[in-house]
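Below: one structure, written as structure tokens.
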Protein chains: 2
Amino acid sequence: MNTTTGDQYLVKKINKAIVLDAIRKHGPLSRAQLSDLTGLNKGTVSTLAGELIEEKLASEIGLGRSSGGRKPVMLLFNRTAGYAVGIDLGVRYALAVLTDLEGRIVAEEQRELERRDADYALDVLAATVKALIAQAPESPYGIVGAGIGVAGIVDDKGTVLFAPNLEWENVELQRLVQDALGIPVAIDNEANAGALGEMYYGAGKEASDIVYLSVGTGIGAGIVIGKHLMKGSGGFSGEIGHTTIETNGKKCPCGNKGCWEQYASERALMDMAKPLGIERFDGLVEAACQGSPEAIRLFHEVGESLGVGIANIVNTFNPELVVIGNQMTRAEPWIRNAIERVVSMRSLPFHRRQAQIRFASLDTHSAVLGAAHYAISAFFAKERVTL
Amino acid sequence: MNTTTGDQYLVKKINKAIVLDAIRKHGPLSRAQLSDLTGLNKGTVSTLAGELIEEKLASEIGLGRSSGGRKPVMLLFNRTAGYAVGIDLGVRYALAVLTDLEGRIVAEEQRELERRDADYALDVLAATVKALIAQAPESPYGIVGAGIGVAGIVDDKGTVLFAPNLEWENVELQRLVQDALGIPVAIDNEANAGALGEMYYGAGKEASDIVYLSVGTGIGAGIVIGKHLMKGSGGFSGEIGHTTIETNGKKCPCGNKGCWEQYASERALMDMAKPLGIERFDGLVEAACQGSPEAIRLFHEVGESLGVGIANIVNTFNPELVVIGNQMTRAEPWIRNAIERVVSMRSLPFHRRQAQIRFASLDTHSAVLGAAHYAISAFFAKERVTL
DNA sequence: AAGACTTTGTTTAACCGATGTACAAAGTGA
DNA sequence: TCACTTTGTACATCGGTTAAACAAAGTCTT
């Protein structure tokens with residue numbers, strides 16, 4: 001039993017959070033509109049709005065249009081009250097952005113990772129973030145925190161349990177980065193971060209059930225149901241890439257046979273491309289651009305395999321939207337049709353609406369923006385009640 | 001914006017719910033213990049406990065042991081303040097129980113379903129439930145509601161969208177039953193109900209991440225993460241049985257190829273048993289009991305296929321516990337080893353703990369008790385805040 | 001057996017925040 | 001200019017929690 005009990009302070013927290021959320025989502029708004037929208041008494045809204053202004057989280061931006069009476073004073077969320085850092089920690093690169101509290105990018109830094117060990121990555125990360133922080137404008141709250149999306153399995157304590165492609169095991173990334181930077185840090189897997197990014201700032205703004213598929217070296221999925229990120233046990237983000245789609249199929253280094261990512265990942269594609277003498281993904285994309293029938297055939301094949309797994313996801317979660325992100329986005333022209341054909345063939349007929357399939361609208365920035373969102377929402381969750 | 005705003009009444013609701021929950025979960029408790037446990041002031045607990053007694057939801061059961069001072073008055077949850085009905089609506093049968101508010105069975109009725117149409121099922125259902133209600137002892141709240149677990153896909157409005165084995169489509173089951181019985185009714189799919197039943201009253205009492213697999217004619221799964229039932233979009237319960245485990249495998253009536261339930265369901269098993277001249281599941285179980293090597297081989301084969309799909313679930317959700325329920329429970333002696341071998345072979349090595357595999361400890365009552373739980377929790381959610 | 005100490009549960013005054021009402025401020029439109 | 005609207009603030013009231021005091025009912029030591 002450690003449920004938070006109720007008292008007046010809780011009531012105030014709840015209502016203040018409601019008012020701030022309304023301003024963030026629907027601003028600019030007058031106090032009267034806020035009262036209508038939230039159902040709170042005018043007087044209550046007045047006091048709470050006053051305090052939010054005091055705290056620099058909202059500001060009066062002048063008078064609005066009258067509809068036959070006194071002109072309303074419009075309130076706007078003060079999105080530059082602080083700044084957040086979002087980091088996408090990939091295998092060969094680290095991409096970091098500085099955003100305001102609405103997730104708008106104000107600065108960006110990218111670094112190549114020349115080695116894979118955690119110490120090195122940590123050094124690069126710290127330097128990158130410090131370079132970003134130096135660019136942050138003066139603000140009441142300063143840097144409110146950092147979020148990291150990492151290509152590996154993360155638990156709810158912020159430890160990277162296993163990152164095969166980085167060759168990491170049990171790295172306490174959250175603690176390490178937090179100590180290095182001195183600001184609150186949140187960690188999650190790159191696919192989950194991408195899902196949040198697309199939901200809040202990208203292709204899924206209107207949808208509430210989204211699956212974000214990160215198709216790179218491996219395959220990861222961030223699954224959002226009812227605007228909530230689905231987290232497995234212990235914060236475990238599903239290793240859906242190691243789901244069997246061919247019971248006696250290709251051997252996977254994980255020990256299993258017929259894993260999806262043996263057929264549908266970037267790595268699978270490159271394995272298939274070796275006989276063609278093409279070693280890099282860029283090369284294959286180029287070959288396809290120039291009309292190479294072998295290259296195009298390979299993309300079709302991978303697209304079909306992607307479709308099989310996506311159909312499984314659709315049959316299991318019935319999402320409105322499947323967003324394909326990471327490297328494989330660049331293959332859109334050649335895989336899109338194959339995916340759509342296979343998915344519509346294999347997904348159950350009694351779904352009321354057909355799931356749409358899109359490619360990440362934030363391009364390579366889904367994960368990094370989602371990561372920034374972790375920091376922003378942690379900042380707001382701290383002194384508030386989560387609605 | 002329709003978030004509930006905060007005021008004194010909300011605070012009281014929250015605190016009253018906290019106190020009642022504490023009594024339900026840890027009772028008998030004294031007022032002083034409640035104050036310690038919940039963090040609420042002694043005076044507050046006194047008033048709230050008084051009201052709960054007034055409302056017949058708790059009662060004083062006498063004095064407890066003193067530890068050097070005045071003897072405490074012990075409060076106990078009044079589990080007979082009302083009764084709930086749980087229904088498991090299968091393809092060939094309807095099983096219904098009457099439980100007290102702690103989910104203990106006080107009466108039970110089972111009926112065969114001789115036809116499959118919804119009207120007939122509804123008549124049988126109504127008669128069965130009425131027979132149960134007639135057996136309910138007098139109580140302050142009477143019958144607080146009914147929950148139904150049904151072998152089909154249910155949306156969040158209580159409509160059975162599709163129940164292939166019952167041959168139903170778009171049956172507004174909740175409304176129909178509610179009108180027939182005049183009590184609140186909650187509907188969910190049988191696998192979800194089973195998962196709740198096992199979590200609250202069965203094998204999963206201590207676990208918080210459980211997958212309940214209902215293996216009958218088809219395969220359904222109820223997935224519980226962090227004590228919460230995972231619901232797909234629109235209340236959609238995952239049709240995980242139609243997940244592909246063999247890309248170019250057997251055709252499935254659903255239109256897909258290589259669906260899991262084409263290999264691992266009761267129906268798949270019986271299809272395989274036809275050449276042996278065995279037509280019914282009972283027959284096959286009997287044959288295996290008598291040591292028929294063909295029957296045992298078939299069970300092994302199905303067990304292995306079950307293992308493939310379970311490994312997929314384990315890799316995706318990393319549960320603590322997988323509970324196998326419904327018909328296939330009866331095959332435990334012959335499939336258990338095959339399942340465990342395949343799952344441990346195919347599940348990812350970096351899971352910190354190996355998922356345990358058990359067979360439904362509530363036997364055939366998982367779903368029906370889970371269904372009753374829906375009614376009970378709906379009753380408590382009505383006048384309260386959900387914690 | 002008496003008195004000191006403990007624990008339980010109730011009572012009461014103080015406090016806090018939301019609400020409704022009255023009201024002041026600042027418009028619009030005929 | 002005047003009637004009517006709309007916005008935002010001020011203030012008394014209400015309900016609920018809390019802390020502190022207190023009454024009730026024990027135990028334990030001497």
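Just so we're on the same page: letters track the sequence lines, and every chain starts at 1. Fair warning: this is a prediction, and the values are worked out from it, not measured in the lab.
For B/Y9, taking side-chain heavy atoms from C-beta onward, the closest of the listed nucleotides D/dG15, D/dT6, C/dT8 is D/dG15. In the set D/dT17, C/dG9, C/dT19, the nucleotide with an atom closest to the side chain of B/K12 is D/dT17. Checking D/dA24, C/dT19, D/dG16 against the side-chain heavy atoms of B/R70 singles out D/dA24 as nearest. Taking every side-chain heavy atom of B/S30 into account, C/dG9 is the closest of D/dG8, C/dG9, C/dC16.
Across all strands shown, A/S35 has no heavy atoms under 4.0 Å from either base or sugar-phosphate atoms.
Ion pairing between a basic and an acidic side chain is recognised when a charged N comes within 4.0 Å of a carboxylate O; A/E102 and A/K25 show no such pairing.
For B/R65 and C/dT8, the CZ to P distance is 14 Å, given to the nearest whole Å. Separating the NZ atom of A/K16 from the P atom of C/dA18 is a distance of 10 Å, rounded to the nearest angstrom. Rounded to an integer number of Å, the gap from B/K71 NZ to C/dG9 P is 13 Å. Rounding to whole angstrom units, CD1 of residue A/I18 and P of C/dG17 are separated by 16 Å. Rounded to whole Å, the distance from CG on B/L75 to C1' on C/dT8 is 12 Å. C/dT7 atom P lies 18 Å from atom CG of B/L34, rounded to whole Å.
The side chain of B/N15 places no N or O atom within less than 4.0 Å of a non-bridging phosphate oxygen (OP1 or OP2) of D/dG16. Taking side-chain N and O atoms only, A/R31 has a distance below 4.0 Å to OP1 or OP2 of D/dT9.
Scanning all heavy atoms of the two residues, the minimum distance from B/A193 to B/G149 falls at CB-CA, 4.1 Å.
Comparing B/G39 and A/P72 by the nucleotide of DNA chain D that holds the closest heavy atom to each, the one mapping nearer the 5' end is A/P72. Map A/Q8 and A/G69 each onto its nearest nucleotide of DNA chain D; the residue landing nearer the 5' end is A/G69.
Taking 4.5 Å as the limit, some side-chain heavy atom of A/H365 sits within range of a side-chain heavy atom of A/I105. Contact of the A/Y83 side chain with the A/P137 side chain is registered, since non-hydrogen atoms from C-beta on lie closer than 4.5 Å.
The stretch residues 369-381 of chain A participates, sequence neighbours left out, in these side chain to side chain donor-acceptor pair (under 3.5 Å) pairs: A/D188-A/Y374, A/Y201-A/H373.
Taken residue by residue, residues 41-63 of chain A places heavy atoms nearer than 4.0 Å to DNA chain C at A/N41, A/T44.
Counted within 6.0 Å of NZ on B/K56, heavy atoms from surrounding residues, nucleotides or ligands total 12 or fewer; the atom is thus considered open.
Checked by atom type and distance alone, the side chain of B/Q174 never pairs as donor or acceptor with a backbone atom of B/I187 at under 3.5 Å.
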